[in-house]
Chemist: 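Right, I'll just put the structure down here and ask away after.
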Amino acid sequence: MEFFLVTLLNSLSYGLLLFMLSSGLTLIFSMMGVLNFAHASFYMLGAYFAYQTSVYLGFWPALVVAPALVAVLGALTERYGLRTVHKYGHVAELLFTFGLAYIIEELVHLIWGRAPVPYRIPEILDFSAFSVFSTKYPAYRVFMMLVSVGMLGGLFLLLTRTRIGLIIQASLTHPDTVEALGHNVPRVFMGVFAGGAALAGLAGVIGGNAFVTEPGMAVSVGTIVFVVVVFGGMGSLAGAFVASLIIGAVQTFSVAFDVSLLTLFAKLGFTPDPQSAWMELWKVTIAQAAPVLPYVLMVAMLIVRPKGLMGTREG
Amino acid sequence: MPKPSNAISSLGRLAVMAALAIAVPASAQTIKVAYLEGLSGPFANVGEVGLRHLQFFADRINEKGGVLGQKLEVVPFDTKTSPQEAQLVFKQLVDQGIRYMMQGNGSAVALALSEAMGKHNARNPDKTVLYMNYGAVDPALTNDKCNFYHFRFDADVDMKMQAMTNFMATQKSMKKVYLINQDYSFGQSVAKAARAMLNAKRPDIQIVGDDLHPLGKVKDFAPYVAKIQAAGADAVVTGNWGNDVALLIKAAKDAGLKVDFYIYYAGGLGTPPVIGEAGVGHLKQVTVFHSNIGGSRTVEMVEAYRKRFPDSRDDFYWTSIMVAVDMLTRSMEQAKSTDPTKVALAMEKMKSDSLSGETYMRDDNHQLVQPIFVSTFSKANGKDVKFDVERTGFGFKTDARIESKDTVLPTTCKFQRPKG
C-alpha cells in the first residue's frame, strides 16, 4: 500500500512534468502541422537559463526569467526561421527544427561544458512535505505538481475563456477566415510558438534541478515527449494530458515488477528448455524492460489506432 | 560558483582538447599517452576528473625532466563511454602512432578496448600498444579475458566485494540487503559477487531485491527507492558510479530512506553534496584510497592537488592513476626503452612506493595488489577525518584496512608472453 501510494505520487509528478513539455509541442503541431524536433532543446535551455539566473539572482527570479528568455528565443525561431522555410513545405520545416536541436546542443556544450552543472533545488523547498507511512515525500515534488497543475489551469482558461484563446482556436482550424476578419494570423502563430517554447522552458526550470541539468537532457526527454504526443493523438491537448499521465505511470510502476515471461510460463505449467537461445529473452523482467515500454505502447497505438488516443487526424 | 569566465575557460579547454585530438604527431620528443574516456555524455564529469589526475601526474614527471629525456604528453580522446566509439578511437590512436593508452570508466568499454588491442598487437608485434586500466573493474579483464598488454591499477569487483562483505558480515543487525546496479558487465558482476559472498559469509542475511537499471539513463530513482523501502531493506549494495550513484542517493535522501549504503564509488562526484549530514554513518565505501588513510605523503599529495585544482568538485581520488604513471615511467627507465613490449615486461612484478602501503603488480594476470579500505562518511574533524570531500565538511573515515596479501584472489588468466 505504501509502495503503491508513493509510486502513484511519483508517477503523477513525472506525468505532469511530461505534460508541461508535450502541451507546447502538441499545440505547435496542431497549429503548424510540424513536429518541432527542437522542442526538448527548449526544455534544456530552460534548465540552463534557470541555472545561470539562479547563480546571480536566486531560484525565484529564475522561475520567471528563464521561461521568458526561452519564449523570446521561440518567437525568434518562428519569425526568422520557420516562417522563412515555410514556403518550401513541411519537410524543410522538419529539417530546420532537427538542425536547430543539434545547434542548441552544441551551443550548450560550448557555453556550459559537457559535464552536468550544479543546479540545485532552493533550500526553502528542500524539506519533506508529508509522510506516506514511513516514506517522506519531498516538498519540491509537491511544488512541481502545483506548478504543473497551475499551468494546466491557466492554459485551459486562456484557450477557452479569453479572446486570445478564441482567436488561437479559430486560427488553428480556419486561418483564412480569421485573417479576413482582420487578425494577424502569422503573429498569432508566433505567439503560440513562443508560448509553447516557454512552457517547455518552465518544465526545464523545475525539472532541471529535480533531476540533472546536462547537455544530454534534451535527447533523453525528447523521445519520450514524442511518444506522449503520438500516443495521446497529435494536436490534442486533452490527449497529451491523458497520455502524459499514462506514460508517467508506466515508467514509474514498471520498475516495481520483477515478473518475466519465465514466471508467466511457470504459472501456465510450461518450462522452456534452459539451454535454449531464447532463455535470455524469457528471463528479462518488466523492471528491466521499463525503458522500452513507452515505445512499445506507442507502436501498439500506431497499429491499433493511428490517430492516437484522442487525435482527430490520421498519421 | 561558475562565473562567465568559467564558461570561457571551458571553451578554451574544449578547443585545446579538440586541437590535441586532431594533432598529428609533430615531434618524436614526447611520449604520448592517450586518455580514452567519455568526455561528453552522461559521464563527462567523471571523465574530466580522471583527465585532470593524469595531467597532474604527467606534469610532475615532466617537471623533473621527463622520462629518458622525453616529456610525457597526454592526448585526450572522447569515447562517449561507448564500446563501439572506443574501438574507433583505438584505430585513431594507432594511426597517430600512439603506443600507450589509459582508460578506467566503464568495463564494457575496457573489454572492447582490450580485445581490439589484443588483435592489433598480435598482428603488429613491432607496433604494440600498452593499456593502463585505472578503474574498469570487471574481474574478467584479469581472468578469462586477460591480455598481456593490459594492466589494471584498481582493485577488481571481487577483491573489493571480498573486503566489503567481510565488513558487512560483522554488522550483526544487518538482516535484509538490497542490490541495485547498472545493467552491464560491471554492474552484473557486482550483483553476482555480492550475492555469492553474502550467502557464504552470512547465510542468515536475506537478499530482498536485485535490480539492474539501464546505465546512465535513469534520471529519477524515486521509483527504485520506493521499491527498496517496500522491500524493508536495511542495507543497499551498489556499484553505481557517476550520476547513477549521486541521483540514487539523492532520491533516497528525499524519501527519507533509512538504510546503510555500501558503495563502490561514494567518494566520486556529486554524491557527498547531495546527501550531506544525512549520510553520516550510513554511507560506506570500499576503495583502494581515500584522503584520510593517513601518512604525511598522503596529506602532501592531497594538498598539492587541491592547490592545483581549487574547484570544490576537484578532489584527489585516483591513486591508481598515480601508480600507473609511476610504474610506466620507471618501467621505461628500467627497460631503457619506450617500446611497449619491453616496458610491459619490466612492469610485471614491479613495486610502487604508493601512498597506502605495499603495492606491486602481479605477473600472472597484471592486476595491481594494494591495500583496500572500507570507510564511512563522517564529519570532518581535522584529526582522523582531516580532509572533507567536495568541500562539504564531510569526509571518509577508515573502518577497516585490508592488507595487500589478504586481497589476492586466484586467477584463471593464461596469457602468452612475448619474447623480450
Chemist: In terms of heavy-atom contacts, does NZ of B/Lys175 have more than 12 from other residues, nucleotides or ligands at under 6.0 Å?
Modeler: yes
Chemist: Which residue out of B/Asp183, B/Asp220, B/Val46 racks up the most heavy-atom pairs below 4.5 Å with chain A?
Modeler: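 Going by pairs under 4.5 Å, I would pick B/Asp220.
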Chemist: With a sphere of 6.0 Å drawn around CD1 of A/Ile124, does it hold more than 12 non-hydrogen atoms of other residues, nucleotides or ligands?
Modeler: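 Counting other residues, nucleotides and ligands, CD1 of A/Ile124 stays at 12 neighbours or fewer.
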Chemist: Could you list the residues that satisfy salt bridge (charged side-chain N to carboxylate O under 4.0 Å, His left out) with A/Glu105, not counting sequence neighbours?
Modeler: none
Chemist: Can you tell which part of A/Ala210 gets under 4.5 Å to a heavy atom of chain B, answering side chain, backbone, both or neither?
Modeler: backbone
Chemist: To the nearest 0.5 Å, how far apart are OG1 in A/Thr252 and OH in B/Tyr224?
Modeler: 11.0 Å
Chemist: Just jot down the salt bridge (charged side-chain N to carboxylate O under 4.0 Å, His left out) partners of B/Asp211, sequence neighbours excluded, or say none.
Modeler: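 Scan of B/Asp211 (salt bridge (charged side-chain N to carboxylate O under 4.0 Å, His left out), adjacent residues dropped) gives B/Lys227.
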Chemist: Are more than 12 heavy atoms, taken from residues, nucleotides or ligands other than A/Phe98, located less than 6.0 Å from that residue's CZ atom?
Modeler: no
Chemist: Would you check if A/Lys136 and B/Lys253 make a side-chain contact, meaning some heavy-atom pair closer than 4.5 Å?
Modeler: no
Chemist: Name the member of B/Ala226, B/Ala230, B/Ala44 that forms the most heavy-atom pairs with chain A at distances under 4.5 Å.
Modeler: B/Ala226
Chemist: Output the option from B/Gly216, B/Gly256, B/Ala255 having the highest count of non-hydrogen pairs under 4.5 Å with chain A.
Modeler: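 Most heavy-atom pairs under 4.5 Å with chain A: B/Ala255.
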Chemist: Surrounding OH of A/Tyr102 (heavy atoms of other residues, nucleotides or ligands, distance under 6.0 Å), is the total greater than 12?
Modeler: no
Chemist: Give, as side chain, backbone, both or neither, the part of A/Val255 having an atom under 4.5 angstrom from any heavy atom of chain B.
Modeler: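 When you check distances to chain B, atoms from both the backbone and side chain of A/Val255 fall under 4.5 Å.
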Chemist: Any chance you could measure A/Tyr140, atom OH, to B/Asp254, atom CG, to the nearest 0.5 Å?
Modeler: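 So the OH of A/Tyr140 and the CG of B/Asp254 are separated by 11.0 Å.
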Chemist: Give me the contact list for residues 241-251 of chain B versus chain A, heavy atoms only, anything under 4.5 Å, ordered by residue number.
Modeler: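 Near chain A, by residue number: B/Asn243, B/Leu247, B/Lys250.
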Chemist: For A/Phe3 and B/Pro223, which heavy atoms make the closest approach, and how far apart are they?
Modeler: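 Looking at all heavy atoms of both residues, the shortest contact is CE1-O, 4.2 Å.
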Chemist: Can you tell me which portion of A/Pro215 sits under 4.5 Å from chain B's heavy atoms? Options are side chain, backbone, both or neither.
Modeler: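 It is neither, since no heavy atom gets under 4.5 Å.
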Chemist: Check whether any side-chain heavy atom of B/Pro273 sits under 4.5 Å from a side-chain heavy atom of A/Arg120, and report yes or no.
Modeler: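 A side-chain contact exists here, since the closest heavy-atom pair is under 4.5 Å.
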Chemist: Nearest 0.5 Å, please: how far is CG in B/Leu212 from OG1 in A/Thr285?
Modeler: 8.0 Å
Chemist: A/Leu69: which residues meet the side chain to side chain contact (heavy atoms under 4.5 Å, CB included) condition with it, sequence neighbours left out?
Modeler: A/Phe49, A/Val65
Chemist: Looking at A/Val6, A/Val117, A/Asn10, which one has more heavy-atom pairs under 4.5 Å with chain B than the rest?
Modeler: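 Top count of heavy-atom pairs under 4.5 Å with chain B: A/Asn10.
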Chemist: Is the number of heavy atoms from other residues, nucleotides or ligands within 6.0 Å of CZ (A/Phe4) greater than 12?
Modeler: no
Chemist: What part of B/Lys219 gets closer than 4.5 Å to chain A, counting heavy atoms only: side chain, backbone, both or neither?
Modeler: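 Both parts, backbone and side chain.
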